[in-house]
Structures are given as C-alpha cells and as structure tokens.
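Inspection log for the structure reproduced underneath, given as structure tokens.
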Amino acid sequence: MATWQGNVAAMPVPMQMYYPGTTSEQGEVAEPVVNFLKWFYHFIEKNEIYHVENMYEDGYYKISDFYFKDKPWPSPEVVQGIVEEKDEGSIFMILYRELYYRHIYARLKPTLEHRFDSYANYCELFSYLLTAEEPVKIELPNKWLWDIIEEFVYQFQSFQQFKSKAGKINDEEKSMLRDDEDNVWKVTAVLNILLQLTEKCNINQQLIAMEKGEAITEDIAGEFGMKPIYTMTGFFSLVGLLRLYCLLGDYHMALSCIEHVQFKDKDMMALVPACQITANYYAGFAYLMIRKYANTIQLYQHILGYMQRTKQFFQNRSFQADDINKKNEQMLALLAIASTFCPLRLDESVNIQIKEKQGDKVARIQHGDMAVYDDLFFSGCPKFLSPVVSENPTSPFGSSGPRGLQLQVFKAEVEQQRLIPTLRSFLKLYTSIPISKLAKFLDMHENEVRCCLMAFKHKKEVAKGDSVDQTTMDIDFYVDKDMVHISDTKIARHYGDYYVQQVLKLRESNKLILGAALTPVVTANTA
C-alpha cells in the first residue's frame, strides 16, 4: 500500500471504481476515496494521531470538496466493507458515521431518519468515553474533538428548529416525532451529556489549579483527566454548555459554565481558533444581555483584533472562512450596541471596522433613531431556542418565537437607556450645572431629571462589569443638592495604535507592489 499524500489535485480524473461486496445505493466509490478511507482506518486503529490530524484537517475537507460537494460520503455499510471492519460498533465506524452525518448537515438536507441516526451515533460515541472503566487508549486531534462538541450542539439546535416548523412537517414525520419525543434530542439529555463530559475529567478543578499556577496531578484531574482526549473534550463541553444556555436564554447559567475559563491567547481554547472565537462570541453576548457592556466590549475588542491578525489563516480554509466572517459581522453589530450604552475607548483597528460595517447605523442611533437597535440586535444575536416546542399557535413566545421574546427583553433595556445619550452629551459640556438648567435643556420636570440622573448612575455602574479598567469610563458625576458636578475622566487618546495600523497597511502595499514587479510578463507569440 503506497503512502497517502493527501494531494487531491493529483487525483486522476479517469477514476477506477471500487465495487464492495455490500449492496448499497452507493455502489461506486472512487479509488482515491477508497485509499483515503483505508489509510484513515489504519491510522485510527494504530492511534497515530499525527497522521489522523493531517488526514482530518486536510484530506477529509479536500476530498469532500472534490468528490462529495453535493452528495453524501459513502454510507457506513459501504465503508465497513471497504475497510473490512467486522464490528459496526467499532470506534472507527462510530467516528466515520459522525463525519458522514455532519457532511449531510453541512452540504445536503438531512431527513428525520438522518437526525435520529446521528443522535444515536453521538450517544454511542459519548457512551464509549463515559462508561469506560479505565481511560480509552485512542487519541484524537483537538480540532476534531471541538468539531464533535460543536456539531452535537448545532444538530440539537437544528432539530429543535425543525420541530418548531409544524406546518412544514408531513404526517409521517409527525408520527415519528411523537413516537420518539422522549428519546431523541431532548434538551435535558443533551445538557446531561455535556455536564458528564466536564465532570469525567474534573475540568473545573483543573482550571482552578491552572489559575493558581499549580501543576495538574492525578489528585486534581483524576485518572481520566490525565488523558488529553478527556481533558479537551471536557473543556470544549464547557464552551458547548455556554452556547446552549445562551440559545435557551439563561445567560447567568451560561456564564457560570465558564467561570474559571481564562480568555487569553495562551489558554486551552487558543489551541483551536474556532473554539476561541465561539467562546468569546457567546460570552460577550451573555454579558450584553445581563447589561455588563464593558465586559462585552473587552471580549469583543480582544477577539476581533485576534481575527484581524489571523485573517489570512482562515481565508486559506474555505470551509471555515464563511463561519468566521459571519461571527465577525455579528460581533461588530453587538459591539456597536454595547459601545453606545457604555462609551469606552476602542482600539483603532476595531473602531475602523465598526465605521466600515455599521457606521451608518451608529450615526442613526446618535440622531435618535431607536429602531436601529432592532436591526443591530437581529444582525448580531444567535438563533434562540425554546426548551419546549409547542404546536399551539397561541404560544407565549408569540408569532416570532423565542427570538421575538429576547428582542422584547432587549427593547425594554433600550427604552430605559433612551434619554441617557442625550443627558451624557449635555453633562460633557459642563463641569457643574444646576438641575433646573438641565431640566430646561431636556424639556423635563426637575424631579424627572433627578430620576434620569439616578438611572444614568445605576446603568453606568452595572455596565462597568467585573474586571474592566474602571478609569476608561468617559464621564462621572455626583449630585449635591440642586447642583450636578461633573468630572471628565476621559483618557488621552493613544495614537500608537493608529500608527501601527498604518505601518501594517504600508507593508501590505509594499508586498503587493513587489509581488507585481517580480511577476514575469508573458507576451503572446505573433506569427
């Protein structure tokens, strides 16, 4: 058997077909795919993680694009014949089925049977990890472990959305849903699996120890927690719980799941950039919904800067580029909201992105157009779920579903914040001002102005969050009898960020110019 090089471009166009003995609707499999599957099976069985990582992160996606762009991979029954695996419950077959169903979700339209079978396969995979009396010997790449957890939560989300569209489900599917209502993709079951994965490796105890600078020992992590496959699966499950609780609208519980997670470039999640971006997005959104806007700004500034620096890495991976770009757009919309409620000094590069993508909407907000908040919220929020799907048209969620309910909660906060930008603009013009004079400017009664000042003070304190530099707030004040005293806490602007940004742009321009200059000019031969 020749060594598999993972070079799809070199695959022959006239493909020799492999006809397995197993009868299947997919009786023909291209020879390069057969070779890939056989080597994949070999490396997983031999637990050679370096080759498994190479074939998963490079070969699998290239072959998917080359041979299975608009059709499924060979069915598990066919692959079982190709690799000559006798046990359909082997770990290779479980992992292959995970890839098989994931590809259907990504490229095709899954049937209800696909949804049921995929859930059963996930249960089999997690049972393999959780019910083992001693740690399993197999190791998988961190990227694959993250993709498993992320896809597990995504397929649960997709199933709940499928059930909520009662008008598009036929009678046969409704009957299947009623028969398996308590067994398939139940919210409590999904939460329970993720929680068990975190507890199996004592991941929270490990994170606490790492925060204190302690070495991870078996006394802290336990026998299973000393194995990377359990530790990383447990850590990714924390991020999965964060995402799931955000989708259900329980933001305090979502943040409690990542209480001990450090959002740093050298933390565990930095091992998988997609995990780092997902964790920052959902954590920032949760902070936004509990009104800790400064925490949202802090997280989004950090991750948007990271995405800007690593943009080329993701653009080279087409299967990730679309998702990353979408998250970038969502975070910019939410950051525009947070910075309106809690004006902080933003990094120059992030500020430029907001002006390019959301500049017109921010300008409309400053002119009092409150409807823009709805657009920004819908642009940035995730697709919410209801823990209980009802076919009743008079559902408490209304015609717009859970998303509409979350919008109502958000709009209530917007209404409370309605006068604060105007009040802030007046206060920034003075070092002290009588309440009576401020009341005339705002065309309000003095008692109403006092209430507005109290609300401003309260919102300002809540918005500061937990771990943000408090000196970055742009204005502070106190009321002494009938006089408002204002202290300007604005920090001098840092021009270094701007010059660094311009230097980087100049370097990119130089590279393009030099590249164009070095490119040979080919002239056509004339007869």
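Excluded from the calculations below are hydrogen atoms, water molecules and symmetry mates; all remaining heavy atoms, backbone and side chain alike, are included. Sequential numbering from 1 along the given sequence is applied to the chain's residues.
In this structure, CG in Leu191 is found 8.5 Å from SG in Cys257, a value given to the nearest 0.5 Å. For the atom pair CD (Glu413) and CD1 (Ile337), the distance works out to 11.0 Å, reported to the nearest 0.5 Å. The distance from atom CD1 of Ile324 to atom CD1 of Ile277, rounded to the nearest 0.5 Å, is 3.5 Å. Between the CG atom of Asn204 and the CD1 atom of Ile220 there is a distance of 13.0 Å, given to the nearest 0.5 Å. For the atom pair CG (Asn121) and CD (Gln155), the distance works out to 9.5 Å, reported to the nearest 0.5 Å. Remark: His260 NE2 to Ile208 CD1 distance equals 3.5 Å, nearest 0.5 Å.
Annotation: side chain to side chain contact (heavy atoms under 4.5 Å, CB included) contacts of Ala132 (sequence neighbours excluded): Val136, Tyr230. Qualifying ring-ring contact (aromatic ring centres under 6.0 Å, His included) partners for His114, counting only residues two or more places apart in sequence or in other chains: none. In this structure Ser379 satisfies the side chain to side chain contact (heavy atoms under 4.5 Å, CB included) test together with Ala333, Lys361, sequence neighbours excluded. Considering only residues two or more places apart in sequence or on other chains, Tyr119 meets the side-chain hydrogen bond (donor to acceptor under 3.5 Å, both in side chains) condition with none of them. Judged as a side chain to side chain contact (heavy atoms under 4.5 Å, CB included), and not counting sequence neighbours, the contacts of Glu134 are Glu223.
For Phe384 and Phe285, the distance between ring centers is under 6.0 angstrom. Within the 6.0 Å centre-distance limit, the rings of Phe126 and Phe152 are counted as a close aromatic pair. Checked against the 6.0 Å centroid criterion, the rings of Tyr60 and Trp73 qualify as a close aromatic pair.
Here Lys327 does not pair with Asp323 in a salt bridge; the nearest charged N to carboxylate O distance is not below 4.0 Å. A salt bridge is absent between Lys38 and Glu84: the closest approach of a Lys/Arg side-chain nitrogen to an acidic carboxylate oxygen does not fall below 4.0 angstrom. Using a cut-off of 4.0 Å between Lys/Arg side-chain N and Asp/Glu carboxylate O, Arg102 and Asp147 are scored as salt-bridged. With respect to Lys143 and Glu53, no salt bridge is recorded, no charged nitrogen being found less than 4.0 Å from a carboxylate O. For Asp70 and Arg107, the salt-bridge test fails: no basic side-chain N is under 4.0 Å from an acidic carboxylate O.
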Side-chain polar contacts of residues 237-247 - donor-acceptor pairs under 3.5 angstrom, sequence neighbours left out - could you list them?
residue: Ser237; atom: OG; partner: Thr233; partner atom: O; Å: 2.8
residue: Arg243; atom: NE; partner: Tyr282; partner atom: OH; Å: 3.4
residue: Arg243; atom: NH2; partner: Gln157; partner atom: OE1; Å: 3.1

Start with the C-alpha gap between Trp144 and Phe40, add the side-chain angles, then the distance that decides, and say whether ring pair (Phe, Tyr, Trp, His ring centres under 6.0 Å) holds.
-> CA-CA 14 Å; Trp144 196 349; Phe40 205 23; 5.7 Å; yes

Run the side-chain contact (heavy atoms from CB on, under 4.5 Å) check on Tyr56 and Leu99 step by step: do they pass?
-> CA-CA 10 Å; Tyr56 174 74; Leu99 296 176; 3.6 Å; yes

Could you give me the CA-CA distance, side-chain angles and deciding distance for Ser349 and Gln308, then say whether side chain to side chain donor-acceptor pair (under 3.5 Å) is met?
-> CA-CA 9 Å; Ser349 60; Gln308 186 74 10; over 6 Å; no

Could you walk me through whether Ser118 and Arg97 pass side chain to side chain donor-acceptor pair (under 3.5 Å), step by step?
-> CA-CA 8 Å; Ser118 180; Arg97 285 194 294 269; over 6 Å; no

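Around atom CG of Asp87, more than 12 heavy atoms belonging to other residues, nucleotides or ligands sit under 6.0 Å away. Shown here is Glu211, whose CD atom has more than 12 heavy atoms of other residues, nucleotides or ligands within 6.0 Å.
No side-chain heavy atom of Lys163 sits less than 4.5 Å from a side-chain heavy atom of Trp185. Counting heavy atoms from C-beta outward, Tyr122 and Ile148 have side chains that approach closer than 4.5 Å. The shortest distance between side-chain heavy atoms of Met210 and Ile216 falls below 4.5 Å. Side-chain contact between Glu98 and Glu151 is present, with at least one heavy-atom pair separated by less than 4.5 Å. Looking only at side-chain heavy atoms (C-beta outward), Leu304 and Asp347 stay at 4.5 Å or farther from each other. Looking at Phe263 and Ile303, their side chains never come closer than 4.5 Å, going by heavy atoms from C-beta outward. Leu288 has its side chain out of reach of Asn295: every pair of non-hydrogen atoms, C-beta onward, lies at least 4.5 Å apart. Between Phe92 and Val79 there is a side-chain heavy-atom pair separated by less than 4.5 Å.
The side-chain tip of Lys292 does not point at the ring of Tyr287 from less than 6.0 angstrom away and within 45° of straight on.
Side chain of Thr278 to backbone of Cys275: no donor-acceptor contact under 3.5 angstrom is found.
Annotation for Phe36 and Gly59: closest pair CE1-C, 3.9 Å, computed over non-hydrogen atoms. Nearest approach of Tyr105 to Arg115, heavy atoms of both residues: OH-CG, 3.2 Å. Residue Arg403 comes nearest to Cys381 through the heavy atom pair NE-SG, 3.6 Å, listed as atom of the first residue, atom of the second, then distance. Considering every non-hydrogen atom in both Leu334 and Tyr300, the closest pair reads CD1-OH, 3.5 Å. Contact record, Leu195 with Thr198: O-OG1, 2.6 Å, taken as the closest heavy-atom pair. When all heavy atoms of Met93 and Glu88 are compared, the pair lying nearest together is CB-O, 3.3 Å.
Tyr96 and Glu85 share no donor-acceptor pair across their side chains, judged by distance under 3.5 Å alone.
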